[in-house]
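Because the structure is a prediction, the values reported are computed rather than measured.
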Amino acid sequence: MDDIFSKVREGSAFHVRVWLDNTENDLNQGDDHRFSLLHWAAREGGTNIVDMLIQRGARINATNMGDDTALHLAASHGHRDIVLMLMHNKANINAINEHGNTPLHYACFWNQDLVAEDLVNNGALVAMANKFDETPLDKAKLYLSKRLTERAASLGQDLQKIPFKDRSWLGYKTRSRDALLSRHTGINIDQLQLNGHMATTHSGEVWRGLWQENDIVAKVLSLRECTVRNSRDFQEEFPRLRIFNHQNILPVLACCNQPPNLVVISQFMPYGSLFNVLHGETGIVVDQNQALRFAIDIARGMEFLHTLEPMIPNFVLTSKHVMIDEDLTARINMADYSFSFHEKGKLYSPAWMAPEAMQKRPDEINVRASDMWSFAILLFELETREVPFADLTSMEIGMKVALEGLRITIPPGISTHILRLLKICMNEDPGKRPRFDMIIPILEKMKHAS
């Protein structure tokens with residue numbers, strides 16, 4: 001197929017859809033100027049392509065070389081429907097580019113009156129100064145400046161000038177096209193700049209770093225010995241984790257296969273894991289509505305994984321294996337997949353595992369039903385903010401859940417809707433648990449009612 005960027009610029013929705021159907025195609029890659037597919041679709045007014053890209057997982061706030069977001073481009077070109085769509089999907093309305101200009105600066109400069117009003121109505125700040133100490137009102141014609149000032153004042157905005165503040169450190173750059181690897185190749189570990197040790201876990205050492213100017217996390221698998229067979233299995237299994245076309249899946253970007261070092265590389269997520277958000281000190285307030293949004297994101301990601309044939313094995317759904325993106329989107333982390341040769345026969349997350357998953361051989365388990373039990377534990381965690389079985393060791397949890405009938409204790413005051421859903425998802429008969437496509441509408445209905 002011709003270059004995908006050309007197809008997006010041409011507005012060829014059919015070709016874009018076919019390209020997106022290949023899970024290994026990275027829709028968040030950038031061209032030579034780090035314009036993503038979403039940047040180009042927003043610039044050219046391809047409303048249906050913008051919608052398609054958003055649904056498939058395009059990063060709304062990704063920036064190009066000049067730090068422009070898709071909203072900057074849509075606003076400057078007057079594509080009002082795309083501006084509204086981006087804002088509806090958590091676009092940073094006051095994002096600044098390398099010159100300190102916001103989308104509102106551009107809408108005012110290019111006389112996009114209706115777009116400018118839409119931006120202000122949705123929270124764009126009229127007094128935000130760029131690097132040259134100019135506000136959007138300074139860029140607007142007199143009649144528009146007056147109209148926007150009156151509208152901002154009626155919405156309670158402080159009209160005192162807001163000084164420019166550099167935010168380039170946030171690290172929302174698109175991935176370069178060079179970051180895409182062929183199916184059976186890896187990268188040299190010398191290409192990674194590992195500059196911060198983040199954690200030591202049972203599965204390996206986790207480092208933060210840079211690769212081709214991309215902010216990444218590298219997990220070096222812990223192995224007693226890295227054999228030739230391990231290296232071969234790693235090379236065969238890794239490509240299946242490169243799932244780039246779903247917004248609730250965090251793909252593995254690349255791997256380093258240089259025994260004794262086997263490394264999986266994924267995009268850095270600023271808030272870390274859902275476990276960290278719920279039980280750490282990130283400062284994120286997880287109210288009932290946000291908890292349901294996280295639950296829906298996770299359910300959508302699992303629904304997608306369950307459509308894959310064959311399914312990806314050896315993945316346990318826990319709050320530690322769900323990452324939170326900068327726009328508070330929950331994404332299932334493929335880097336937490338357990339390779340077939342790695343930690344064989346060991347269980348490290350029994351609190352989230354279904355009883356039968358700890359009692360039977362892997363080939364005897366209904367994996368989809370087992371995942372639904374894990375999701376129920378996650379739902380309990382989101383609802384109560386409690387770590388499941390926090391007072392027991394992993395070994396005690398595994399033994400008691402598998403052999404003694406230990407189950408989570410539902411505290412009083414929990415939502416009756418959540419309680420009902422928990423009981424359905426944790427049915428002791430795996431065959432009677434629902435599918436993810438059955439519970440997503442229930443969760444969405446709860447969210448709209450909250």
Donor-acceptor contact present, side-chain [X] to main-chain [Y], <3.5 Å:
X    : Y    : result
N97  : D68  : no
E24  : R242 : no
D297 : T329 : no
R300 : N248 : no
D190 : N188 : no
N122 : D118 : yes
R331 : I249 : yes
N64  : S36  : no
N61  : N92  : yes
H72  : A95  : yes

When you look at N257 and S231, which way does the side chain to side chain donor-acceptor pair (under 3.5 Å) test go after all the steps?
CA-CA 7 Å; N257 188 352; S231 176; 2.6 Å; yes
Within a strict 4.5 Å, meaning less than it, do heavy atoms of the [X] and [Y] side chains meet?
X    : Y    : result
P350 : V401 : no
P430 : W373 : no
I312 : I243 : yes
M438 : M372 : no
H417 : L421 : no
L119 : M87  : yes
I93  : P103 : no
W40  : L73  : no

So E237 and S340, side chain to side chain donor-acceptor pair (under 3.5 Å) or not? Walk me through it.
CA-CA 8 Å; E237 293 175 38; S340 61; 2.4 Å; yes
Closest approach of [X] to [Y] (non-hydrogen atoms, all atoms of both residues):
X    : Y    : answer
L38  : I60  : CD2-CA, 4.0 Å
C255 : Q235 : SG-OE1, 4.4 Å
A295 : L379 : CB-CD1, 3.8 Å
A218 : L194 : CB-CD2, 3.8 Å
A74  : L86  : CB-CD1, 4.2 Å
A124 : L104 : CB-CD2, 3.9 Å

Step-by-step side chain to side chain contact (heavy atoms under 4.5 Å, CB included) determination, L27 to M52
CA-CA 11 Å; L27 83 169; M52 194 189 311; over 6 Å; no
Are the ring centres of F339 and F234 closer than 6.0 Å?
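Between F339 and F234, the centre distance is under 6.0 Å.
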Taking everything shown except M358 itself, do over 12 heavy atoms lie less than 6.0 Å from its CE?
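Enclosed: over 12 neighbouring heavy atoms sit under 6.0 Å from CE of M358.
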Electrostatic pair K219-D336, nearest N-O below 4.0 angstrom
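Result for this pair is yes, salt bridge flagged.
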So does R433 pair up with E356, basic N to acidic O under 4.0 Å?
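Salt bridge between R433 and E356, a charged N being under 4.0 Å from a carboxylate O: yes.
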Pi-cation contact, F341 with R229 (under 6.0 Å, within 45°)
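No cation-pi geometry.
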Could you give the distance from [atom1] ([X]) to [atom2] ([Y]), rounded to the nearest 0.5 Å?
X    : Y    : atom1 : atom2 : result
D21  : W19  : CG    : CH2   : 11.0 Å
I440 : I296 : CD1   : CD1   : 8.5 Å
E396 : E404 : CD    : CD    : 10.0 Å
L378 : W352 : CG    : CH2   : 8.0 Å
F294 : L443 : CZ    : CG    : 14.0 Å
Q29  : R34  : CD    : CZ    : 11.0 Å

M85/D51 under side chain to side chain contact (heavy atoms under 4.5 Å, CB included): CA gap, chis, key distance, verdict:
CA-CA 8 Å; M85 191 184 302; D51 183 48; 3.8 Å; yes
Take D327 and R59 through the salt bridge (Lys or Arg N to Asp or Glu O under 4.0 Å) test and state the conclusion after the steps.
CA-CA 9 Å; D327 61 358; R59 295 180 70 206; over 6 Å; no
Start with the C-alpha gap between L37 and V16, add the side-chain angles, then the distance that decides, and say whether side chain to side chain contact (heavy atoms under 4.5 Å, CB included) holds.
CA-CA 10 Å; L37 302 179; V16 175; 5.8 Å; no
Walk me through it: do E386 and F380 pass the test side chain to side chain contact (heavy atoms under 4.5 Å, CB included)?
CA-CA 8 Å; E386 295 179 11; F380 161 85; 3.7 Å; yes
On the 0 to 90° scale, with breaks at 30° and 60°, tag the H79-H77 ring pair as parallel, tilted or perpendicular.
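Aromatic pair H79/H77 classed parallel.
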Is there a side chain to side chain donor-acceptor pair (under 3.5 Å) between T227 and N230 once you walk through the steps?
CA-CA 5 Å; T227 65; N230 292 161; 3.3 Å; yes
